[in-house]
Asker: 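Dropping the structure in here first, questions after.
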Amino acid sequence: MYQRLRTFLFVGPGLAWLTFFMVVPCLLVFLYSFFERGVYGGIVYDFTFENFDRAFDPLYLAILLKSAKIAGVATLIALLIAYPAAYAIARAPAQRQPVYLFLVMLPFWSNYLIRTYAWIVMLNREGLINRALLDFGLVGEALPLLYNEASVVTGLVYNYVPFVILAIYSSISRLNPEIAEASEDLGAPSYKTFLRVILPLTLPGIAAGAVFVFVLSIGNFITPDLLGGGRVQMVGNLIYDQFLEARDWPFGSALSLILIGVMMCLLFAQAVAVNRSAEGTR
């Protein structure tokens with residue numbers, strides 16, 4: 001009895017928090033998605049599947065696919081940047097690794113919006129990058145670096161790549177160095193040791209980082225709004241507009257539910273991949 005009470009006291013607050021602030025909102029979103037919008041906004045409690053039919057209209061489906069493309073590009077670039085950085089940190093002397101990890105996380109000491117606005121300062125036509133290119137004579141006129149998909153991808157990569165570095169670093173740091181040494185002792189060149197030994201063993205960290213970036217990027221609405229200047233419409237912006245501007249809560253809920261479903265599928269696939277990888281190393 002005492003053991004159960006102690007377990008409840010430790011677990012109860014966390015479960016209550018998740019229930020009220022995650023389970024209940026998701027349940028409301030699920031329920032609202034099957035109702036109709038009122039004439040002046042709000043909800044009419046008449047059951048319908050029309051919201052899901054609208055969600056798969058070519059217009060909205062194109063926005064979802066475009067969001068997936070931008071999130072996929074951001075994920076790929078983040079992995080290409082994060083893996084070498086994580087590998088270098090994991091192979092650095094042990095006393096220096098905390099310093100490098102501190103530098104990786106240093107940007108998070110500032111607010112997300114401030115970091116995003118900083119990119120506006122850097123990428124606009126009078127910004128630091130264009131000014132440097134003009135001063136060195138590398139371009140004849142200012143480049144359109146802002147308010148396009150490239151600037152949105154840049155902002156997403158910048159804001160999420162530290163998490164990918166940490167995920168991959170955690171995976172690399174747990175490797176037994178004797179495995180790579182054994183591969184090299186058997187005559188394998190360094191690049192083959194990396195491709196056939198190190199890289200496969202660090203796939204769980206790569207998968208975790210990739211899912212993290214993709215899931216957060218596809219639902220992001222702040223970065224596309226600021227760095228896209230309203231010209232880059234992603235599904236997060238569409239959901240935001242439905243709830244706060246169009247006041248079409250049922251349709252916004254349907255879009256949210258589809259996005260949640262995509263995220264859950266990705267997280268499930270990542271968990272299965274990690275589990276199979278763990279079983280394969282036993």
Asker: For residues L146 and I120, determine if any side-chain heavy atom of one lies less than 4.5 Å from a side-chain heavy atom of the other.
Answerer: yes

Asker: Can you check side-chain contact (heavy atoms from CB on, under 4.5 Å) on V104 and I89, steps first, answer last?
Answerer: CA-CA 10 Å; V104 169; I89 295 173; 3.9 Å; yes

Asker: Any donor and acceptor pair, going by atom type alone, linking the side chain of T48 with main-chain N or O of E36 inside 3.5 Å?
Answerer: no

Asker: Would one find more than 12 heavy atoms of other residues, nucleotides or ligands at under 6.0 Å from atom CZ of F30?
Answerer: no

Asker: If you draw a 6.0 Å radius around CD in E141, do more than 12 non-hydrogen atoms from other residues or ligands fall strictly inside?
Answerer: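 No.
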
Asker: Any chance the rings of F49 and F34 have centres within less than 6.0 Å?
Answerer: yes

Asker: Measure from NZ or CZ of R96 to the centre of the six-membered ring of Y100, then state whether that distance is under 6.0 Å and the direction lies within 45° of the axis.
Answerer: no

Asker: Is the ring pair F221/Y240 parallel, tilted or perpendicular, if the boundaries are 30 and 60 degrees?
Answerer: parallel

Asker: Backbone N or O of L156 within a donor-acceptor pair of the N159 side chain at under 3.5 Å?
Answerer: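 A pair under 3.5 Å: no.
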
Asker: Check the orientation of F163 and F212. Use parallel for under 30°, tilted for 30 to 60°, and perpendicular for over 60°.
Answerer: tilted

Asker: So do the side chains of R54 and D248 get within less than 4.5 Å of each other, counting heavy atoms only?
Answerer: yes

Asker: My understanding is that only one of L80, I77, L76 makes a side chain to side chain contact (heavy atoms under 4.5 Å, CB included) with V157; could you say which?
Answerer: I77

Asker: I need the L143 CG to I129 CD1 distance, nearest 0.5 Å.
Answerer: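 Reported to 0.5 Å precision, the distance equals 9.5 Å.
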
Asker: Are R131 and E126 packed together at the side-chain level, in the sense that at least one heavy-atom pair is separated by less than 4.5 angstrom?
Answerer: yes

Asker: When you measure from the side chain of D241 to the backbone N and O of L238, does any donor-acceptor pair fall under 3.5 Å?
Answerer: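 No, D241 side chain to L238 backbone: no donor-acceptor pair under 3.5 Å.
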
Asker: Is it the case that atom CZ in F136 sees more than 12 heavy atoms from other parts of the structure closer than 6.0 Å?
Answerer: no

Asker: Would Y158 and T116 count as a side-chain hydrogen bond (donor to acceptor under 3.5 Å, both in side chains) here? Give the steps.
Answerer: CA-CA 9 Å; Y158 171 75; T116 305; over 6 Å; no

Asker: Given side chains that start at C-beta, do those of F243 and I239 come closer than 4.5 Å, heavy atoms only?
Answerer: yes

Asker: For the pair Y83 and F194, evaluate ring pair (Phe, Tyr, Trp, His ring centres under 6.0 Å) and give the outcome as yes or no after the intermediate values.
Answerer: CA-CA 12 Å; Y83 199 99; F194 175 78; 5.7 Å; yes

Asker: Return the orientation label for the W249 and Y32 ring planes: parallel under 30°, perpendicular over 60°, tilted otherwise.
Answerer: tilted

Asker: Is any side-chain heavy atom of E50 closer than 4.5 Å to a side-chain heavy atom of F251?
Answerer: no

